[in-house]
**Student:** 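Please see the structure below; I have some questions.
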Amino acid sequence: MSQSGLRVQLLKKLWVHLTPKETYGLSSPDKIQRSGQTLGEVRRRELTHILTLERQLHELRRGHASLDPCGKIIRSAEIRDIREVKFASIIENAGSLEVEPEALPDIAHMLETAAELARFDGLERLLRLQKLYLLAERMILSLEFSSIDKAALDRRWLNRWRINASESSNGALQQLWARVLVHELIQPGSTSLRGLEHLSCCSLEDAEMLTRLGSWLCGDFLYRSALQAVAEPHHVACFERLEEQSLIRGVTGKVLTKTLYSQKDKSFSCVLPVADKRLQIESSQARTELHVPAYTVTHLGRELVALVQVTVDPPYLDALVQDLQARGLNVSVGNAGHQGPRSQSL
């Protein structure tokens with residue numbers, strides 16, 4: 001199937017999992033196509049409307065506006081003008097009026113206030129989800145992929161994703177949550193419930209650490225001696241925090257190693273992925289394996305790194321290649337997408 005056909009199929013899979021209530025105000029791609037409008041034009045109009053609603057909601061929360069009985073927004077300036085008129089009339093008739101102390105609210109009024117706050121919170125989460133759906137749709141239209149798993153999303157997973165994703169208001173983190181949904185649509189089970197739980201506690205700094213972790217990743221480990229050669233003071237704290245979050249092991253306690261196995265019998269040869277690069281490691285010596293110092297990356301760590309776009313850290317790559325060359329190995333570097341690495345002198 002062509003890329004355009006796969007994208008259409010994935011878009012349909014996305015919208016099948018969305019309910020009419022949570023997409024209220026959004027048009028499905030099928031409906032837009034039938035109407036003869038362009039997707040981009042409709043989405044821009046819908047996104048503008050969402051941003052307007054978010055601004056109005058913020059004004060209501062802050063008390064800068066209120067709703068009249070017809071649901072129309074009344075700005076605080078208009079309310080202030082009305083109050084000034086009333087206040088002037090009170091002054092004119094001050095002799096015949098007595099000011100009563102303000103009574104404390106009873107439980108009925110407190111319940112009304114709580115219900116109003118719950119409505120505000122519910123609308124805020126709904127608007128965030130709608131922006132995430134539009135963001136996921138945009139990602140799908142720009143993706144390159146070869147196949148789609150037709151299995152439906154697990155209902156428990158999708159409900160957990162909605163709850164966690166709707167709490168995020170940061171643009172960069174929203175990008176991450178949208179990418180999680182797209183990955184799961186392509187391959188259900190790619191992000192576990194534990195992964196969603198980790199992301200729900202993820203700050204912008206944590207997301208940046210994931211990207212940094214990806215720039216050092218060699219399949220399922222980090223090349224420890226190369227990291228130590230280029231480590232800056234803040235990197236040490238980064239390694240410790242990644243281990244505390246159960247994303248890597250070997251920073252403290254037992255020193256770990258990784259074994260690389262040869263693909264040939266009479267000489268050593270193996271391919272080592274490093275972020276978006278791949279190393280072809282060769283040696284004329286008849287050895288079946290090579291042990292290198294490592295921080296191992298957990299299954300959860302690899303699962304989360306798969307959600308971010310990474311490029312290799314150049315100083316780290318240089319230190320890694322130099323360490324391998326110091327062991328008497330020949331190393332050539334290529335892009336991960338290529339079948340064979342392009343030789344490079346380092």
Side-chain angles (χ1 to χ4, degrees), residues 1 3 5-19 22 128-129 131-168 170 172-204 206-222 242 245-249 273-278 296-312 336-337:
M1 185 180 292
Q3 279 294 323
L6 286 171
R7 290 178 185 135
V8 169
Q9 189 175 355
L10 194 57
L11 279 179
K12 289 181 178 179
K13 186 176 180 180
L14 167 64
W15 280 86
V16 161
H17 287 86
L18 306 182
T19 63
E22 64 183 321
R128 285 174 180 169
L129 283 175
K131 285 198 295 185
L132 286 171
Y133 296 143
L134 297 183
L135 188 54
E137 184 180 79
R138 188 186 306 169
M139 287 182 178
I140 290 171
L141 293 173
S142 62
L143 271 181
E144 297 285 338
F145 48 96
S146 57
S147 61
I148 301 170
D149 191 321
K150 295 183 180 180
L153 297 184
D154 179 72
R155 183 176 295 275
R156 183 184 173 199
W157 185 96
L158 186 56
N159 287 337
R160 190 74 59 84
W161 179 90
R162 285 190 181 108
I163 292 170
N164 294 338
S166 65
E167 295 297 328
S168 179
N170 180 274
L173 293 179
Q174 287 179 333
Q175 289 269 348
L176 188 57
W177 280 111
R179 197 172 295 119
V180 170
L181 178 60
V182 173
H183 277 232
E184 194 70 13
L185 287 167
I186 295 173
Q187 182 62 55
S190 59
T191 306
S192 63
L193 290 174
R194 188 184 177 198
L196 292 181
E197 181 182 357
H198 180 91
L199 290 174
S200 68
C201 305
C202 197
S203 64
L204 186 58
D206 293 327
E208 291 172 351
M209 279 202 306
L210 278 180
T211 303
R212 197 174 298 130
L213 175 60
S215 71
W216 300 325
L217 187 62
C218 303
D220 60 355
F221 74 99
L222 310 179
L242 288 169
Q245 295 176 348
S246 300
L247 301 185
I248 66 174
R249 296 194 183 98
V274 185
D276 60 337
K277 303 292 183 182
R278 61 197 301 271
T296 60
V297 181
T298 64
H299 177 78
L300 176 62
R302 298 194 300 274
E303 180 182 300
L304 296 177
V305 167
L307 301 172
V308 298
Q309 296 178 342
V310 297
T311 55
V312 71

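Quick note: residue numbers are just sequence positions, from 1. Remember, predicted model here, so these are calculated numbers, not experimental data.
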**Student:** Measuring from Trp216:CH2 to Leu222:CG, what's the distance to the nearest 0.5 Å?
**Tutor:**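 Trp216 atom CH2 to Leu222 atom CG measures 7.5 Å (nearest 0.5 Å).
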
**Student:** Minimum heavy-atom separation for Ala151 to Pro188, with atom names?
**Tutor:**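 Closest approach of Ala151 to Pro188: O-CG, 3.5 Å.
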
**Student:** To the nearest 0.5 Å, how far apart are SG in Cys201 and CG in Leu196?
**Tutor:**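 Output value for this atom pair is 11.5 Å.
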
**Student:** Please name the residue in the list Asp206, Leu210, Val305 that meets the side chain to side chain contact (heavy atoms under 4.5 Å, CB included) test with Leu247.
**Tutor:**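 It is Leu210; the other options fail the test.
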
**Student:** Tell me every residue that passes side-chain contact (heavy atoms from CB on, under 4.5 Å) with Val312, counting only those two or more places apart in sequence or in another chain.
**Tutor:**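 Testing Val312 for side-chain contact (heavy atoms from CB on, under 4.5 Å), a comparison that skips the adjacent residues, returns Val274, Ala275, Asp276, Lys277, Leu317.
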
**Student:** Using side chain to side chain donor-acceptor pair (under 3.5 Å) as the criterion, list what pairs up with Trp161, not counting sequence neighbours.
**Tutor:**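 Partners of Trp161 by the side chain to side chain donor-acceptor pair (under 3.5 Å) criterion come out as none, since no residue qualifies.
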
**Student:** According to side chain to side chain donor-acceptor pair (under 3.5 Å), who are the partners of Glu137, at least two apart in sequence or on a separate chain?
**Tutor:**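 By the side chain to side chain donor-acceptor pair (under 3.5 Å) rule, Glu137 matches Trp15, Arg43.
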
**Student:** If a pair satisfies salt bridge (charged side-chain N to carboxylate O under 4.0 Å, His left out) and one of its residues is in residues 150-165, list it, with sequence neighbours excluded.
**Tutor:**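 Sorted result for residues 150-165: Glu22-Arg162.
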
**Student:** For the atom pair CG (Leu158) and CG (Leu181), what is the distance rounded to the nearest 0.5 Å?
**Tutor:**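 Taking CG in Leu158 and CG in Leu181, the distance rounds to 7.0 Å.
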
**Student:** If you count the non-hydrogen atoms of other residues, nucleotides and ligands that lie under 6.0 Å from CD in Glu167, is the total more than 12?
**Tutor:**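 Check passes, neighbour count above 12.
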
**Student:** Under the rule for side chain to side chain donor-acceptor pair (under 3.5 Å), what residues qualify as partners of Ser147, not counting sequence neighbours?
**Tutor:**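 For Ser147, no residue satisfies side chain to side chain donor-acceptor pair (under 3.5 Å) once neighbours in sequence are set aside.
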
**Student:** What residues, two or more places apart in sequence or in another chain, satisfy salt bridge (charged side-chain N to carboxylate O under 4.0 Å, His left out) together with Lys131?
**Tutor:**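 In terms of salt bridge (charged side-chain N to carboxylate O under 4.0 Å, His left out), with neighbours along the sequence ignored, Lys131 is linked to Glu54.
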
**Student:** Would you find a donor on one side and an acceptor on the other, under 3.5 Å apart, between the side chain of Thr298 and the backbone of Ser246?
**Tutor:**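 Yes; judged by distance alone, with no hydrogens or angles, the pair exists.
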
**Student:** Supply the atom-to-atom distance Leu135 CG to Ile140 CD1, rounded to the nearest 0.5 angstrom.
**Tutor:**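 Going from the CG atom of Leu135 to the CD1 atom of Ile140 covers 10.0 Å.
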
**Student:** To the nearest 0.5 Å, how far apart are CG in Leu199 and CG in Leu307?
**Tutor:**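 So the gap between those two atoms works out to 6.5 Å.
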
**Student:** According to salt bridge (charged side-chain N to carboxylate O under 4.0 Å, His left out), does anything in residues 177-195 pair up with another residue at least two apart or in another chain? List the pairs.
**Tutor:**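 Every pair satisfying salt bridge (charged side-chain N to carboxylate O under 4.0 Å, His left out) with a residue in residues 177-195: there are none.
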
**Student:** Using side-chain contact (heavy atoms from CB on, under 4.5 Å) as the criterion, list what pairs up with Glu144, not counting sequence neighbours.
**Tutor:**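 By the side-chain contact (heavy atoms from CB on, under 4.5 Å) rule, Glu144 matches Gln3, Arg7.
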
**Student:** For the side chain of His17 and the backbone of Ala152, is there at least one donor-acceptor N/O pair under 3.5 Å apart?
**Tutor:**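 No, because the side chain of His17 does not come within donor-acceptor range (under 3.5 Å) of the backbone of Ala152.
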
**Student:** What's the spacing between Leu242 CG and Leu304 CG if we round to 0.5 Å?
**Tutor:**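 So the gap between those two atoms works out to 10.5 Å.
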
**Student:** Using the side chain to side chain donor-acceptor pair (under 3.5 Å) criterion, which residues pair with Ser192? Sequence neighbours excluded.
**Tutor:**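 Checked Ser192 against side chain to side chain donor-acceptor pair (under 3.5 Å); matches are Glu303.
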
**Student:** Does Arg128 have any salt bridge (charged side-chain N to carboxylate O under 4.0 Å, His left out) partners at least two apart in sequence or in another chain, and if so, which?
**Tutor:**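 Residues passing salt bridge (charged side-chain N to carboxylate O under 4.0 Å, His left out) with Arg128: Glu124.
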
**Student:** Under the rule for side-chain contact (heavy atoms from CB on, under 4.5 Å), what residues qualify as partners of Ser146, not counting sequence neighbours?
**Tutor:**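 Expected list: none.
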
**Student:** Can you name the side-chain contact (heavy atoms from CB on, under 4.5 Å) partners of Ile186, sequence neighbours left out?
**Tutor:**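 Checked Ile186 against side-chain contact (heavy atoms from CB on, under 4.5 Å); matches are Leu10, Leu143, Phe145, Val182.
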
